[in-house]
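The structure appears right after this line, and notes come after that.
Per chain, numbering begins at 1; letters A, B, ... match sequence-line order. These numbers were taken from a predicted model, which means no experiment stands behind them.
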Amino acid sequence: MNAEASELALELALIPLIPLIGFIINGLGFGKLNKTVAGWLGTLAALGSFANTLHVVLEHWGQSLTVDYFSWISVGSLDIHFSFLLDPLSSIMLLVITGVGSLIHIYSMSYMHHDEGFGKFFAFLNLFLFSMLLLVMGSNYVVMFIGWEGVGLCSFLLIGFWNKVPAYNAAARKAFVMNRIGDLGFLLGIFILIALFGSVEFGVIFPQAAAVLTPNSGVAIALTMLLFVGAMGKSAQLPLYTWLPDAMAGPTPVSALIHAATMVTAGIYMVVRSNVLYVLAPTTLEFVAWIGLATALIGAAIGLFQNDIKKVLAYSTVSQLGLMFLALGVGAFSSGMFHVVTHAFFKALLFLGAGSVIHAMSDEQDIRKMGGLKGKLPVTFAVFLIATIAISGIPPFAGFFSKDEILSHVYEHSKLMWGLGLLVSFMTSFYMFRLVFLTFFGGFRGTDHQKHHLHESPWLMLGPLVVLAGLSIAGGLLGLPPVLSHNNWMADTLAPIFEQAKAVNASLFGHGSMTHETEWMLMAVSTVVALVAFAVAAFTFGGGKNVPAADGSPINPVQKLVYNKFYIDELYGAVIVTPIKAFGEYLYAVIEYLIIDLVVNIVGWSATMGGKALRRLQTGIVSFYVLLMVLSVVALALIGFTIKS
Amino acid sequence: MLAISALSVFGIIVLFLGFSNNKSALMLAAMLSLLATFGLALYEWQHPEITPAVAAGMMSFDNLSILFTAVLLVTGILLLPLSERFLVDPKAQPAEYYAILLFSMVGAIMMVTFDNLIMLFLGLEILSISLYVLTGSDKRNLLANEAALKYFLMGAFATGVLLYGVAMLYGAAGSFSLSDIALYVQDNHDNLSPMLYIGLFMMLVGMLFKLSVAPFHWWTADVYTGAPNFFTAYMSTIVKTAGFAALYKILSVSFVGVYDYWFLMLAICAVLTLCIGNLTATAQQSFKRMMAYSGVSHAGYMLIAVASFSDKTPEAIFFYSLAYSIATITAFAALMRVADTKGSADFAAFYGLAKTNPFLSFALTVSMLSLAGIPLTAGFMGKLFVFMSALEQGHVALVVAAVLMSAVGVYYYLRVVIAMYMREGNGVAVTLSPRFRVVLIATTVLTILLGVVPSLVAGAL
């Protein structure tokens, strides 16, 4: 390896290693290090990784480089290497993860300051960064899978961070189980890849994909479907989305980092990475589009009437992730990635802003007990409003551009989907402004104690908010639509990733036949929809009117259905959990107890008896031993003689 | 050759150092002897021409021999600090023990470097006679005396059988030299003298006895239990490494042509050994006696490697003996401390050890996991190499038997772990001296390191 290559290898390795070192120090030193040291250690690990990423990415911008570290698993003809891939796609993900991750670390130093598990929190956060970086840097599906499992573990640990509350532990378990279902699909997908290609390396699979897989053949569909099942679990898509709202049990910075900005987009990253496989399976793509759309609709609808500030944001995340999958499903891979990036900015901002509100409200999360906070929390209010405008798709903020790009691709694909997409857009804008009006406008509805305690958060928390607000405003510049600019930075940057897919189906990646007039029309329509939704929300909730009634008071049936999340959790409980549990109890009582235990006990018993019998031969008398030896020699000689002749 | 000559001289020097009253200098001298020998052995790495020039075809130091020599010496170096009790015991004779130990090491090294059956016999006897003496070294201990006498009586019997076999082989081939015998087998392949078969059979019986392979293992449990703990540790590691290296050498050099004949014998003995060793171990109440049967069962795994006779076999035997030796050293170190503190080597003596000495419990747990063959330990990789070597030759049945029996092994190895972590003890603390601590850290780190990165040593061949 020459000097330049080994320098790159070292620098790339340092990106995930720095957070890992942070994790090890904080993990081992938990309880011994004081909070300032632990907090700065964790934060500096994130910042260091960000600085290093920035350096590496800028130095090798636009290149596609694979660094092979060592042969890791070698079985038969399968040789899996531990290797990293640095290309535009992983570069963008790396920057988002370490950048947003660093901001959230800084924020957490203040937010978690009173928590007794402070050091543990930073250790987990660093471990998460490490796993997530592994996920996007791996140059094959197996390294990706390690990261995939790692982030799942960290998510579990952090959702159940306050493990003294049983409900939080249940939420953590739920997230873990749902993710495991998805992981199984992913794993089976990897096995199919190994069977088909004899490798898990991206650089081996993708160039051959078109030759090995017949377009839309059963194998291609099975493979992509299984990988998508993995994405469904990780990225909270129907039917595996119910864990994400429950995951709000974790501390708010966790919700911002893991359950909004980074981990939940892993599924999208994986599908984008495997784009050539998906392009070879149009049926799967159509399925992905519909699942994404349905998830977007359901998430947005449930979000309409939630009263917990984090729950609203959680359903909003589910819905926005659905939108991203809709983009992937219609073949707009780079638009999907674009939305991943802008969403990371404004959703992290929304969660951190919500954290600031919750902090001020002495851990109150119910928006019915808030109101009129804009005077007391002016900075939080301002940034929260910016994020709301961004997510609602009102120009010229970031969300408008990414969402518009998705919708224009959807429009080309199917008018019906586009219409439903607009509906999502309407609902999004509505529930977000409802949240803003109920939280920041009108009169204060909390207790006197809370009112007395109201305060703007310290600058350690506001700083990251302001940076994210800036990104939420300007993030749209990353992908300007064709009518405004000839260069869509995001699409141009990612273009090399899609070359193989382009060779299979060029039409998916063209600029389309859309005229400028149609484009202007589409932009105008989505803007109007967002503004109308804002107006409806302002009319209904402006000035703190129509505060939702307390739980238990009579509401109309539709509202009740929505408020109770369409009873989907209960449905899963009745249809899946209860029968499985009953089956499990049957297995335990009959199969396990009567059959398996019996067999195992008989085996164990015979081993013990055998041992006891053999032990009896051990008499301690030498002449007896010699006799046994002579007999053995004779017996062996006879056996040998018989076989010989 | 350099190593053997030097070590013999060192042994005499250590013996004479016994005249001085400074006992701790003795351990230091023995340690330096082993280290120097280790250096001399490595000096011949990639230089196989040094030894034959002076040894007249009686022995050769090829790379494989040097690797086995290294395993023997590393085992000795790691074990030596554990003998510190001899330094303070007024009735112990450390100069004699160390000198005999060094001499026995000369025998062991001869067993991995011989090119001639005479040298094999010499090495085996030097090692065995030293061990008879060391077993009975605690003169006031009746059990140890009994064990030494038993060992000697049965060992003499086995030596007789072995020598008889060697004589027969001479009768058939007209030479003691391994290469001459190989030539004879090759040239007369269709018309081999029956004496060759009888000779090979007898010689194998003698070897298998020394390796405590069933059905010739009867002496093992009694001798291992009766001998002082330190020497039990010594013989259960050194003899296995040297013996299996010797067995592989004879068979691979001289008797490739009659593979079918000896394969069957070794396969039968391997399965018997695995079953008897593992099953009997489950019925033991004493940790020390359990370790004796565990030693028997590990002979079974190594025998599978020899019997499978693939190109992976030398690597498998080498790695397995290293992994087994290191884990066994940990186990006996723990046993020595517990037995010295509590006066008993039963499982009950280990109750609650995790509370009073978490480090020792952790080290012993790692060693037990390694012996049981749990992944991420050297023992797992050792078993993997052995099984892969057997599967390469298509001996599926052998591997199935071995895997089933290693499942039985998990039961009795975990018993001591359960005793340490899940039972209440009587609160008597087991302490560790710095020497023990260093050895335990080294063995534990090595066990895990070799389990994670086996290529550190596995690729040395």
Relative to chain A, which segment of [X] carries a heavy atom at a distance below 4.5 Å: side chain, backbone, both, or neither?
{"X": "Phe216(B)", "answer": "both"}
{"X": "Ile276(B)", "answer": "both"}
{"X": "Thr280(B)", "answer": "both"}
{"X": "Tyr411(B)", "answer": "neither"}

Taking all non-hydrogen atoms of both residues into account, name the closest pair between Ala283(B) and Lys612(A) and its distance.
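Looking at all heavy atoms of both residues, the shortest contact is CB-N, 4.1 Å.
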Exercise. Kindly compute the distance separating CE (Met609(A)) from OG1 (Thr282(B)), expressed to the nearest 0.5 Å.
Key: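 That separation rounds to 9.5 Å.
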Give the member of Ala613(A), Ser632(A), Gly610(A) that has the highest number of heavy-atom pairs under 4.5 Å with chain B.
->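 Sorted descending by pairs with chain B, the first entry is Ser632(A).
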pair Leu636(A)-Cys269(B): side-chain heavy atoms closer than 4.5 Å: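 SC-SC contact between Leu636(A) and Cys269(B) confirmed.
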Note to self: I'd like to check Val626(A) versus Trp218(B) (side-chain heavy atoms, cut-off strictly below 4.5 Å). Are they in contact?
What the structure shows: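 No, side chains not in contact.
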- Counting only heavy atoms closer than 4.5 Å, note whether Ala635(A) contacts chain B via side chain, backbone, both or neither.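 The answer is neither part of Ala635(A).
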Exercise. Quick one: which of Trp219(B), Trp262(B), Tyr293(B) has the most heavy-atom pairs under 4.5 Å with chain A, could you say?
Key: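 Most heavy-atom pairs within the cutoff with chain A belong to Tyr293(B).
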* To do: Count the heavy-atom pairs under 4.5 Å between each of Val408(B), Leu279(B), Leu272(B) and chain A, then report the option with the highest count.
  =>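 The candidate making the most pairs under 4.5 Å is Leu279(B).
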Atom [atom1] of residue position [X] - does it have more than 12 heavy atoms of other residues, nucleotides or ligands inside 6.0 Å?
{"X": "Phe197(A)", "atom1": "CZ", "value": "yes"}
{"X": "Tyr164(B)", "atom1": "OH", "value": "no"}
{"X": "Leu376(B)", "atom1": "CG", "value": "no"}
{"X": "Phe152(B)", "atom1": "CZ", "value": "no"}

For this session: List in chain and number order the residues that pass side-chain contact (heavy atoms from CB on, under 4.5 Å) with Val256(B), two or more places apart in sequence or in another chain; answer none if no residue qualifies.
Result: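 Result, side-chain contact (heavy atoms from CB on, under 4.5 Å) vs Val256(B): Phe309(B).
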